[in-house]
Number of protein chains: 2
Amino acid sequence: MPKSLHQRAVEHLGSRIVDGSIPAGEVIVAAELESELSVSRSVIREAVRVLASAGLVVSTKRVGIRVLPPADWNPFDPLVIRWRLAGDGQGAQLRSLTELRVAVEPMAAELAAEHAPAEFCGELLNLAAQMRHAGRSGDLASFLELDIRFHAMVLAASGNEMFANLANPIAETLRGRTELGLMPEHPHEEALAWHQGVADAISAHEPHRARESMELIMRRTNEEICGVWAHKPRLFPQPRA
Amino acid sequence: MPKSLHQRAVEHLGSRIVDGSIPAGEVIVAAELESELSVSRSVIREAVRVLASAGLVVSTKRVGIRVLPPADWNPFDPLVIRWRLAGDGQGAQLRSLTELRVAVEPMAAELAAEHAPAEFCGELLNLAAQMRHAGRSGDLASFLELDIRFHAMVLAASGNEMFANLANPIAETLRGRTELGLMPEHPHEEALAWHQGVADAISAHEPHRARESMELIMRRTNEEICGVWAHKPRLFPQPRA
DNA sequence: GAGACTACATGCCTGCACAGATCGGCGTCA
DNA sequence: TGACGCCGATCTGTGCAGGCATGTAGTCTC
């Protein structure tokens with residue numbers, strides 16, 4: 001299925017910038033890209049505009065298209081997240097996202113217990129039961145997908161659209177952890193109980209208990225992987241004016 | 001200072017979509033926009049591409065440019081946040097951002113205490129002292145700007161680029177609260193002490209205390225404003241497939 | 001009801017004029 | 001001689017105008 005030329009141009013340039021093939025500070029002229037990709041100016045210009053809106057490049061007259069340093073990238077842009085997870089920045093990206101999860105999900109569980117509509121509660125209980133079943137039978141692939149849906153459901157049930165929007169990158173995080181072999185061989189019985197506890201507490205509208213159960217899950221998550229990327233350098237950008 | 005035609009086109013279309021002037025489901029043809037803004041196709045096309053990357057519209061052959069419902073917008077896109085804060089969605093946007101702050105900032109303080117370079121610690125102590133001075137002398141304007149810089153500094157000192165990137169919207173949140181008169185007349189003496197506590201704990205590399213001090217600040221923040229938008233409807237989008 | 005047909009809006013390409021930023025040469029002055 | 005400032009040449013993105021190609025939606029036919 002051939003994607004549009006525009007998408008391919010965005011992908012080509014963006015992924016090369018994010019994986020470091022094109023270092024920050026490099027300047028490119030649009031004409032080069034035209035011949036490199038064998039596409040016309042309009043395609044290049046539209047792609048550059050999209051990448052500029054993600055903070056990857058800035059284009060100025062007489063100089064060309066300048067690649068910006070990682071500190072200027074929008075780390076919440078879905079494209080940036082995808083490219084980082086696909087390449088060298090994978091470790092740092094997974095760490096950032098995991099830390100974000102640890103911060104956000106307990107709050108999401110608390111809000112969900114206060115505001116979640118009934119159908120979300122039912123679905124959460126349903127998912128928790130299925131997770132228990134898949135976990136005990138050792139069906140790791142199903143468990144992963146259920147886990148993803150469970151956490152996405154909690155985020156959506158919080159009624160906070162920013163939380164809900166984190167579902168996709170968090171799903172990628174979980175998949176990434178699995179690919180890297182950072183998930184336990186067999187889901188812990190405690191983890192199953194904690195997920196059940198989150199679903200129960202949200203359904204019973206008990207915010208405090210929902211938060212605490214989710215905090216247990218997150219604490220375990222953090223412990224399992226906090227050491228893995230400890231050596232990766234952290235970025236400390238100066239807060240801009 | 002006349003901005004480029006591209007920026008104006010993005011602004012024009014985007015702000016009208018976000019403030020609801022153009023309802024979801026509406027279809028627009030590019031030719032209309034050309035005559036409406038008196039610009040050429042390339043400008044419109046590039047603007048549409050940028051808005052599409054933010055999830056505001058999709059453009060399909062034979063049908064035109066379809067405006068997407070709010071659930072499809074990227075709530076972390078800086079442009080979307082700005083437009084929402086400027087218009088009708090202001091309440092819901094401030095609530096979302098505040099909930100995000102409450103979740104993220106304690107974690108950021110904890111991480112900062114573990115990883116912050118020395119220069120960040122010094123600057124934090126400096127800011128806390130200035131805040132105390134401005135707060136006690138009743139200089140609310142200075143206090144607001146110092147408050148913004150303080151929280152931005154903690155987020156940056158966490159070494160998590162996603163946290164650091166939340167500094168701008170959070171600054172807007174604080175300014176928005178002030179404009180709406182939701183800030184206390186005089187900063188509480190306790191709040192000053194808590195900020196000092198955060199700076200001290202981070203400088204002393206005491207993650208637990210840093211988190212707890214920040215939690216106190218956030219709890220107060222939440223109490224001050226949680227009731228204000230309680231009546232605003234929450235969005236519960238279905239998690240996508 | 002299923003398949004072919006047609007109209008239409010976007011996708012993509014190309015040539016042109018303009019604006020603004022950079023760079024180099026030139027002259028002046030200390 | 002060397003440093004500074006002015007000014008024009010040049011390069012590149014910005015924007016415009018028009019054209020053909022392509023895929024889809026709606027219609028029309030059988």
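Throughout, protein chains are lettered first and strands after them, A, B, ... in sequence-line order, and every chain is numbered starting at 1.
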Outermost DNA chain D nucleotides near chain B [under 4.0 Å, heavy atoms]
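Extent of the interface on DNA chain D: D:dG15 to D:dA25.
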Please list all pairs meeting salt bridge (charged side-chain N to carboxylate O under 4.0 Å, His left out) that have one or both residues in residues 66-77 of chain A, counting only residues at least two apart or in different chains.
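Residue pairs with at least one partner in residues 66-77 of chain A: there are none.
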Considering just the side-chain nitrogens and oxygens of A:R41, establish if one lies under 4.0 Å of OP1 or OP2 belonging to C:dG15.
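Negative; the distance criterion is not met.
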Residue closer to the 5' end of DNA chain C, A:V43 versus B:S59 (nearest nucleotide)
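It is B:S59 whose nearest nucleotide is closer to the 5' end.
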Pick base, sugar-phosphate or nothing for A:V48, based on heavy-atom distances below 4.0 Å to the nucleic acid.
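No contact at all - A:V48 keeps every heavy atom at 4.0 Å or more from the nucleic acid.
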Mind checking if B:R66 touches a base, just sugar-phosphate, or nothing, with heavy atoms under 4.0 Å?
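Result for B:R66 = nothing.
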Working to the nearest 0.5 angstrom, can you tell me the gap between B:T178 OG1 and B:L144 CG?
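Between atom OG1 of B:T178 and atom CG of B:L144 there are 4.0 Å.
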Verify the neighbour count for atom CG of B:D139: are there more than 12 heavy atoms of other residues, nucleotides or ligands below 6.0 Å?
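Yes.
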Looking just at side-chain N and O atoms, do [X] and [Y] make a donor-acceptor pair shorter than 3.5 Å?
X      : Y      : result
A:E172 : A:N168 : no
A:N160 : A:S158 : no
B:E161 : A:S96  : yes

Interface polar pairs with nucleotides 6-9 of chain C, N/O, under 3.5 angstrom:
none

Mutual orientation of the aromatic rings belonging to B:F236 and A:F120 [parallel < 30°, tilted 30-60°, perpendicular > 60°]:
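The rings of B:F236 and A:F120 sit tilted, inter-plane angle from 30° to 60°.
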Strictly distance-based, threshold 3.5 Å: is any side-chain N or O of B:T60 a donor or acceptor partner for the main-chain N or O of B:V63?
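Not a single qualifying donor-acceptor pair exists.
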Send over the distance from [X] [atom1] to [N] [atom2], rounded to a whole Å.
X     : N      : atom1 : atom2 : result
A:H6  : C:dC13 : NE2   : P     : 13 Å
A:L33 : C:dC12 : CG    : P     : 16 Å
A:L5  : C:dT10 : CG    : P     : 18 Å
A:Q7  : C:dC12 : CD    : C1'   : 14 Å

Heavy-atom side-chain proximity of A:R95 to A:R234 below 4.5 angstrom
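The answer is yes, as the side chains (C-beta and beyond) meet within the 4.5 Å cut-off.
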